[in-house]
Amino acid sequence: MCHSFSLLSSDGQQCRVLRCTCGSLHVLWHALSLSLNHQEFAQLSALLASSDPHGDAPTGRWQRGDWELRRTDHAAQLWCGPAGLTFTPGDFQALCALIHAVTLPPTPAAPGTAMHLN
């Protein structure tokens, strides 16, 4: 269980990215908590970057590793396996900004663990 964290990115009190001393990255989005290892976080970040949230054609479907993103004119759905979240366009842009504010080193400081949804 994780006990000590370093703040990597924040968008207010309920939206943060934290790094645990074990190397796991925790994405806190309101009541959702994702615990990701270095590779899972890097794949999520690459997926969000490839979808270009400010682009002229925001619709489409993108995939990286276990992550899938489906975008329409009115929503963005982020999937990891059978679990999915739906974001308004504004919330999706905020999530992208939160994730992209994190700079990961090329290799993790410590081995991470498999993703857990809390």
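Reckoned from all heavy atoms, side chains included, excluding hydrogens, waters and symmetry mates.
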Is L7 linked to F5 within one hydrophobic cluster, defined over Ile, Leu, Val, Met, Phe, Trp and Tyr using a side-chain heavy-atom separation of less than 4.5 Å?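 Yes, because L7 and F5 connect within a single hydrophobic cluster, where side-chain heavy atoms sit under 4.5 Å apart.
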Is there side-chain contact between [X] and [Y], with at least one heavy-atom pair below 4.5 Å?
X	Y	value
L85	F92	no
F41	V17	yes
W62	L48	no
L78	L44	yes
S45	H100	yes

Chi angles and distances behind the side-chain contact (heavy atoms from CB on, under 4.5 Å) call for S24, R19: CA-CA 6 Å; S24 294; R19 180 188 297 276; over 6 Å; no
What distance separates [X] [atom1] from [Y] [atom2], expressed to the nearest 0.5 Å?
X	Y	atom1	atom2	value
R71	D73	CZ	CG	9.5 Å
Q14	L28	CD	CG	10.0 Å
W79	R61	CH2	CZ	10.0 Å
H26	R16	NE2	CZ	12.0 Å
W67	L36	CH2	CG	5.0 Å

Is a side-chain N or O of E40 found less than 3.5 angstrom from the main chain of N37, in a donor-acceptor match? yes
When you look at CD of Q63, are more than 12 heavy atoms from neighbouring residues, nucleotides or ligands closer to it than 6.0 Å?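 Atom CD in Q63 is packed in, count exceeds 12.
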Partners passing side-chain contact (heavy atoms from CB on, under 4.5 Å) against H74 (at least two apart in sequence or in another chain):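 H74 satisfies side-chain contact (heavy atoms from CB on, under 4.5 Å) with T72 only.
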Tell me every residue that passes side-chain contact (heavy atoms from CB on, under 4.5 Å) with D11, counting only those two or more places apart in sequence or in another chain.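 Scan of D11 (side-chain contact (heavy atoms from CB on, under 4.5 Å), adjacent residues dropped) gives C15, A94, L98.
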What's the verdict on side-chain contact (heavy atoms from CB on, under 4.5 Å) for L25 and L18, showing C-alpha distance, side-chain angles and the deciding distance? CA-CA 6 Å; L25 294 138; L18 307 166; over 6 Å; no
Can you name the residues that form a salt bridge (charged side-chain N to carboxylate O under 4.0 Å, His left out) with R70, not counting sequence neighbours? E68
